[in-house]
Amino acid sequence: MLQVNVLRQKTEWVKERLAVKNFKQPELVDAIVAMDDERKKLQAEFDALQAKVNASSKNIGKLMSTGNREEAEQLKADVATWKLQLEPGKKQAAETEKKLEETITLLPNLPSEKVPKGLSPEDNEVVKQTEVPMLPETALPHWELTKKYKLIDFDLGNKITGSGFPVYTGKGAKLQRSLIQYFLDYNTDAGYKEIIPPFMVNEASAFGTGQLPDKEGQMYFVNEDGFYLIPTSEVPVTNMYRDTIVKQEELPVKMTAYSPCFRREAGSYGKDVRGLNRLHQFEKVEIVQIVDAEKSYDALEEMVSHVERLLQLLKLPYRILRLCGGDMSFTSALTYDFEVYSAAQKRWLEVSSVSNFESYQSNRLKCRYKDESGKMQLVHTLNGSSLALPRILACLLENNQTENSIVIPEVLRRYFGEDAIG
RNA sequence: GGAGAGUUGUCCGAGUGGUUGAAGGAGCACGCCUGGAAAGUGUGUAUACCUCUAAAGGGUAUCGAGGGUUCGAAUCCCUCACUCUCCGCCA
């Protein structure tokens, strides 16, 4: 959530930035500032009257204790009339504040200066791209390979739950586990603290990281308890720091978590959902950082290199995209996407998204620290996948296939225990 | 799921209707004391919003969350969340 003071002080600049994100209602910025003016005015009025009431109430107490009953009763009557005046002001102030909150929540985060203009994925900027491998025409897509080597059973998942819930079997399950373990070790070696978070969150948490109200229909919801199944461990992990004041010397906080992720993916169809390309339940290892406001872009670069190195170690072909305003998430200020090349499908698959949210999440989370001058500052939050499992697995199977085997990447062998499948 | 007891500031802990944003202690910060340290001692030690602003100051709110009663609530009532104990159930 953006800060009202920023809207107030840099109104035109805010509108320019929103335009980069293709935000269509710049007039809301002015409306919000006006609501804030109104809010201040109402509060000042209310506070003044309330102060009078409070002071008189104290006086009544004194009068009562000195036995001055009559005067106390008189004052009581006065206060009662002031209180009647107080009611409408209180109500109006609350309504204005609520409206303000609702409206400012509609504004997405402001994109950083580095964000390219654009409307769709075609406008993303390719920052880096490795060589793309060519496979023989007989190469199989991963959904054939998983069948051939009995690694994943999609039909079984359909039976047990429904589409998008695959069953990993035998070596497929073990390969998946090996990847998770490898990712976690790689992250913790780099100083990220390992977390196993809850896989369901309450409404406050879903709001804190910005899933609500923006992604309401994309999350599974447990009605009886009011819980959301997490769409990513970013949500519970970042919310560990909701309503906290962090000591500056404790920053940066670096955390990594493995979790399943649940997404309803309403509206997806076709080749996008084939095999492992898009699922309702998938596994992911996430990295999260909570940092000083001035250091967040250094942290972002660090995370990007961190994820890039991981892809290099797995020897997968990849490219890094700087997302354009139109393709960025609602909450992000700058996002780098990582895609791996699925050689048998001849397409790029997103496996990581590394973002700096600046203070957009922390303003909702109320996560702050005191800077050197003793001033309260909102922290900056960042996160990234390191990495999303299914597409890594898909790509790994496709790119590493031979006539009658799948070659296991060097770095995974000590986890997997074998050099190849098949 | 049932019954009961709780939830107070960084922590411990007092407080059952009236100058209580909140006793006391610990911790922390700064000062005094000291050759130095410990002990001792003094002062300070929340957040948000508003107002004012060079600063200070002032106002409002906050004692798990939200509502209510009252001139006045940390204190009384209601709802919810969480913690603990016992019973039930259970991986």
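The chains referred to below are lettered A, B, ... by the order of the sequence lines, with proteins before strands, and numbering in each begins at 1.
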Tyr220(A) and Phe165(A) aromatic ring geometry - parallel, tilted or perpendicular at 30°/60° bounds: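 Correct class here is tilted.
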Kindly assign one of parallel, tilted or perpendicular to the pair Phe221(A) and Tyr228(A), based on the angle between their ring planes and the thresholds 30° and 60°.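 Phe221(A) and Tyr228(A): tilted rings.
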In the structure shown, which nucleotide is the Watson-Crick or G-U wobble counterpart of [N], with both distances under 3.5 Å?
| N | answer |
| --- | --- |
| G42(B) | C30(B) |
| U60(B) | A48(B) |
| U19(B) | none |
| C82(B) | G6(B) |
| A73(B) | none |
| C90(B) | none |

Protein-nucleotide distance ([X], atom [atom1]; [N], atom [atom2]), rounded to Å:
| X | N | atom1 | atom2 | value |
| --- | --- | --- | --- | --- |
| Asn202(A) | C80(B) | CG | P | 17 Å |
| Asp37(A) | C50(B) | CG | P | 11 Å |
| Glu203(A) | G66(B) | CD | C1' | 14 Å |
| Asn363(A) | A48(B) | CG | C1' | 12 Å |
| Lys370(A) | U10(B) | NZ | P | 10 Å |
| Gln43(A) | U51(B) | CD | P | 8 Å |
| Asp47(A) | C50(B) | CG | P | 10 Å |
| Gln50(A) | U62(B) | CD | P | 9 Å |

Which ones in residues 73-87 of chain A lie close to RNA chain B, meaning a heavy atom under 4.0 Å from one of its atoms?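 Residues of residues 73-87 of chain A under 4.0 Å from RNA chain B: Lys76(A), Val79(A), Lys83(A).
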Do other residues, nucleotides or ligands put more than 12 heavy atoms under 6.0 Å from Glu125(A) CD?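 Correct, the count exceeds 12.
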From the list [options], which nucleotide is the closest neighbour of the side chain of [X]?
| X | options | result |
| --- | --- | --- |
| Ala51(A) | U60(B), C71(B), U19(B) | U60(B) |
| Lys40(A) | C71(B), C50(B), U60(B) | C50(B) |
| Ser57(A) | A48(B), G18(B), U19(B) | G18(B) |

Between [N] and [M], how far apart are the two [atom1] atoms, rounded to whole Å?
| N | M | atom1 | value |
| --- | --- | --- | --- |
| G9(B) | C63(B) | P | 10 Å |
| C71(B) | A55(B) | C1' | 38 Å |
| A81(B) | A48(B) | C1' | 23 Å |
| G64(B) | U45(B) | P | 23 Å |
| G4(B) | C78(B) | P | 12 Å |
| A39(B) | C32(B) | C1' | 14 Å |
| A74(B) | G67(B) | P | 15 Å |
| G24(B) | A65(B) | P | 24 Å |

Counting only side-chain N and O atoms of [X], is one of them less than 4.0 Å from OP1 or OP2 of [N]?
| X | N | value |
| --- | --- | --- |
| Arg368(A) | U47(B) | no |
| Asn54(A) | U60(B) | yes |
| Lys90(A) | U60(B) | no |

When you measure from the centre of the six-membered ring of Phe207(A), is the NZ or CZ of Arg364(A) closer than 6.0 Å and no more than 45° off the axis?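 Ring-cation test returns yes.
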Assess whether a salt bridge exists between [X] and [Y], defined as any Lys/Arg side-chain N lying under 4.0 Å from an Asp/Glu carboxylate O.
| X | Y | result |
| --- | --- | --- |
| Lys147(A) | Glu144(A) | no |
| Arg39(A) | Asp36(A) | yes |
| Glu286(A) | Lys284(A) | yes |

Side chain to side chain contact (heavy atoms under 4.5 Å, CB included) with Pro252(A): which of Val379(A), Leu382(A), Val291(A), Asp298(A)?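 Of the listed residues Val379(A), Leu382(A), Val291(A), Asp298(A), the side chain to side chain contact (heavy atoms under 4.5 Å, CB included) partner of Pro252(A) is Val291(A).
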Heavy-atom side-chain contact between Pro236(A) and Pro198(A) under 4.5 Å: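 When only atoms from C-beta onward are counted, Pro198(A) and Pro236(A) do touch, with a gap below 4.5 Å.
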Please compare Asp36(A) and Phe227(A) by the position of their nearest nucleotide in RNA chain B and report the one closer to 5'.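 Nearer the 5' end of the strand: Asp36(A).
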